[in-house]
Amino acid sequence: MCGILGTVIHDGVNELRETLITGLKAVEYRGYDSAGVAILGPNGLFINKRAGKIAVLEDHLGGDVLSGTVGLGHTRWATHGVPSDNNSHPHQDFRERITIVHNGIIENYAELKQELMTMGVEFTTETDTEVAANLIGFYYNGDLPAAVCRAARRIDGSFSMCVMAKDQPRMLIGIRNKLPLLVGHGPGVTYLGSDVTAFLAYTREVTYLADGEIVVIDGPACRFMDWRTGEPVVKQQERVEWDIEQAQKGGFETFMMKEIHEQPAVIRQILERYLPSEDAPVYLPGLDDFAAERETRLISLVGCGTAFHACKVGKYMLEGLAGVPCRVQLAHEALYHQAPIGKHAVTVAVSQSGETADTLGAVRTQSAIGSPVIAIANVVGSSLTREADLTLYTMAGPEISVASTKAFTCQLTVLTLIALWVAEKFQRKPPEELKRLKTELLGIPAKMELILESKYTLEKLARVYRHVDHFYYLGRGISYPVAMEGALKLKEISYVHAEGYAGGEMKHGAIALIEPGFPTCLLAPRSNLVDKMVGNMEEILSRKGEVMVVTNVPQRFADYDVHVFPFPDCPQVLSPLLMSLPLQLFAYYSAKLRDRDIDQPRNLAKSVVVE
Ligand code: F6R
């Protein structure tokens, strides 16, 4: 959940303050409780760390030039110990010889701490990271890689760490166990980062560390080993396709607004790659071979949060279009519930980051019983993509805002394409119906653009509801998970309590809350369920509740005293792709009117890499 960054200058001394602060800001979405830097230079070791966002740290650093040979930076999402200056990273061993930044959790920290204390080690923070620093310090006798490997072998849990020693002015160690870490190879500088955006401003040449690997950066030299055995590992350098412009706001006031606006373009890009025209068959690289080798009787979809909602929409698509039975589980539930599925059930794991611990755990549980795994992921080279038998990339580009928007609609697009691919390959629908759906799908980006053009209507609607504390979102069928996603968006960025319900469930309890002024957002795409949604609306209005309707059959609601946001017509199965945008924008403006920190909502972090 934390963002980490390291730099080693190959030769001489460089100004490192700017590099570290720029890099940390790029990974701030991973955690923003506190931040800190350490710079080892000709004048010794300089450390500054502060509770609060990186801007607070920047204020404390002032305008001083901070030159050095090795630098470390960290932005924290607190797990052990409150966010405070003292608990912020970097941490040191008690003799102040070793300095580290860490992402993850050391599960046996209490027992290690006890052991170290009996040997005279003193602790000054509440963190598990300080235990790792002291363990490395305890083993350090001038051979830093050996000390780090020895300490790592004693640690239970998930971690990626960057470690430096005060008496090794050109050396930085990166070590990975279950959490991402990669090396960036820049001209004259080598970087370590918890993700590529940490150093994307400087280089796109990277080497990904796998679990159990350590990298020793020593000036310009860079060698990789297995930290359990000490054996050298040969690694391939890769070039990432993302560029720095994609990771910047590009004139928008927030990343979230930028990412909402990117949706037509990124979906066009997916379609160009996987469905170039309505006459072409859907092409999903690797899926032919994957399917040829297996008989699939069930698809088991897993994900968390927004990705879970994508899975739920995917079930309606895969069952409705392709006739494949599906089950959907929250990844953290799948992790501890062994369902009676086996090799005939394909697991589809959906994740933007590809690093969500619960999703990785569910994938491991399901593959342990023989279920092959398809990942639908956004981040290239992420852990999920390495563990899956096949990855279909969502190609959304970097998603920086904590609240997911474009990743969600890209996940929906890939799921639609999988459903069309199955329907086409196994003749589950007549060819003319499939061609019509493909034509409609290719038209979705242009319809998204129309919705974005009417965004100010959603700003006005957000104003209407600017003082409410609660919101219901109702949908039926494929719109039900979209309602859940709409509620999640509102909740996470505006802090308004919101719940997404299946329309039919209202009278089984939820309707008890409806009273004069209580707002409900109804999702009513053209379908056989519109009359049922009208029924829900009438029940709410008769109790003097307020209703806002997102629909592509606005005439059906014209005679009622409700707010209507019309969206372009489309087949029901594609409506989640369009309805998501007004819900994202409504949540956005609601948060803005409440003066919330939209890109970095409280208590959250972008990648949830701990269970
Ligand atoms: C909500 C949101 C989260 C993520 C969830 C899974 O806007 O972003 O609910 O969807 O934490 O993350 P990934 O997709 O990275 O596995």
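Sequential numbering from 1 along the given sequence is applied to the chain's residues. Note that ligands are numbered from 1 as they come in the structure, with each ligand's atoms numbered from 1 the same way.
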Asks: Kindly give the heavy-atom pair with the smallest separation between Trp421 and Val282, and that separation in Å.
Replies: CD1-O, 3.4 Å
Asks: Between Glu449 and Arg268, is there a side-chain N and carboxylate O pair less than 4.0 Å apart?
Replies: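 Yes, this pair counts.
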Asks: Ring centroids only, cut at 6.0 angstrom: are Phe565 and Phe586 within range, meaning strictly under it?
Replies: no
Asks: To which protein heavy atom is atom 14 (O) of ligand 1 closest, and what is the distance rounded to 0.1 Å?
Replies: Gln352 N, 2.7 Å
Asks: For ligand 1, note which part of Lys489 has a heavy atom under 4.0 Å away: side chain, backbone, both or neither.
Replies: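 Side chain only; the backbone of Lys489 stays clear of ligand 1.
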Asks: Please report whether ligand 1 has a polar contact with Gln411, defined as an N or O pair separated by less than 3.5 Å (distance criterion only).
Replies: no
Asks: I need the atoms of ligand 1 closer than 4.0 Å to a non-hydrogen atom of Gly305, numbered in the order shown.
Replies: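 Within the 4.0 Å cut-off of Gly305, ligand 1 contributes 9 (O).
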Asks: When you measure from atom 2 (C) of ligand 1 to every protein heavy atom, which one gives the shortest distance, and what is it?
Replies: Thr306 OG1, 3.7 Å
Asks: With a 4.0 Å cut-off on N to O distance, would you call Glu485 and Lys489 a salt bridge?
Replies: yes
Asks: Among protein heavy atoms, which sits nearest to atom 12 (O) of ligand 1, and what does the distance come to when rounded to 0.1 Å?
Replies: Thr356 OG1, 3.4 Å
Asks: Which of the atoms in ligand 1, numbered in the order shown and given with their element, are less than 4.0 Å from a heavy-atom of Ala307?
Replies: 10 (O), 14 (O)
Asks: Looking at atom 5 (C) of ligand 1, what's its closest protein heavy atom, distance included?
Replies: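 Atom 5 (C) of ligand 1 sits closest to the protein heavy atom Cys304 O, 3.5 Å.
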Asks: Of the protein's non-hydrogen atoms, which lies at the shortest distance from atom 11 (O) of ligand 1, and what is that distance?
Replies: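 For this ligand atom, the closest protein heavy atom is Val608 CG2, 4.0 Å.
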Asks: Check the angle between the aromatic planes of Tyr465 and His563 and answer parallel, tilted or perpendicular using the 30° and 60° thresholds.
Replies: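 Taking His563 first and then Tyr465, their aromatic rings stand perpendicular (interplane angle over 60°).
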Asks: Please identify which atoms of ligand 1 are closer than 4.0 Å to at least one heavy atom of Ser404.
Replies: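 Ligand 1 atoms under the 4.0 Å threshold to Ser404: 7 (O), 8 (O).
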Asks: Please name the pair of heavy atoms, one in Val27 and one in Thr75, separated by the smallest distance, quoted to 0.1 Å.
Replies: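 Closest heavy-atom pair between Val27 and Thr75: O-CG2, 3.6 Å.
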Asks: Looking at Ala403, which atoms of ligand 1 are within less than 4.0 Å of one of its heavy atoms?
Replies: 7 (O)
Asks: Please walk me through it: do Tyr472 and Tyr501 pass ring-ring contact (aromatic ring centres under 6.0 Å, His included)?
Replies: CA-CA 7 Å; Tyr472 275 158; Tyr501 265 100; 5.5 Å; yes
Asks: Nearest protein heavy-atom contact for atom 15 (O) of ligand 1: which residue, which atom, what distance?
Replies: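 Looking at atom 15 (O) of ligand 1, the protein heavy atom closest to it is Ser353 OG, 2.7 Å.
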Asks: Quick check: His261 with Phe252 (ring centres under 6.0 Å apart)?
Replies: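 Ring-ring flag for Phe252/His261: true, centres closer than 6.0 Å.
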Asks: Using a strict threshold of under 4.0 Å (side-chain N to carboxylate O), is an ion pair present between Glu387 and Arg364?
Replies: yes
Asks: Distance under 4.0 Å to a non-hydrogen atom of Glu492: what atoms of ligand 1 satisfy this?
Replies: 1 (C), 7 (O)
Asks: Within less than 4.0 angstrom of ligand 1, does Val402 place any heavy atom?
Replies: yes
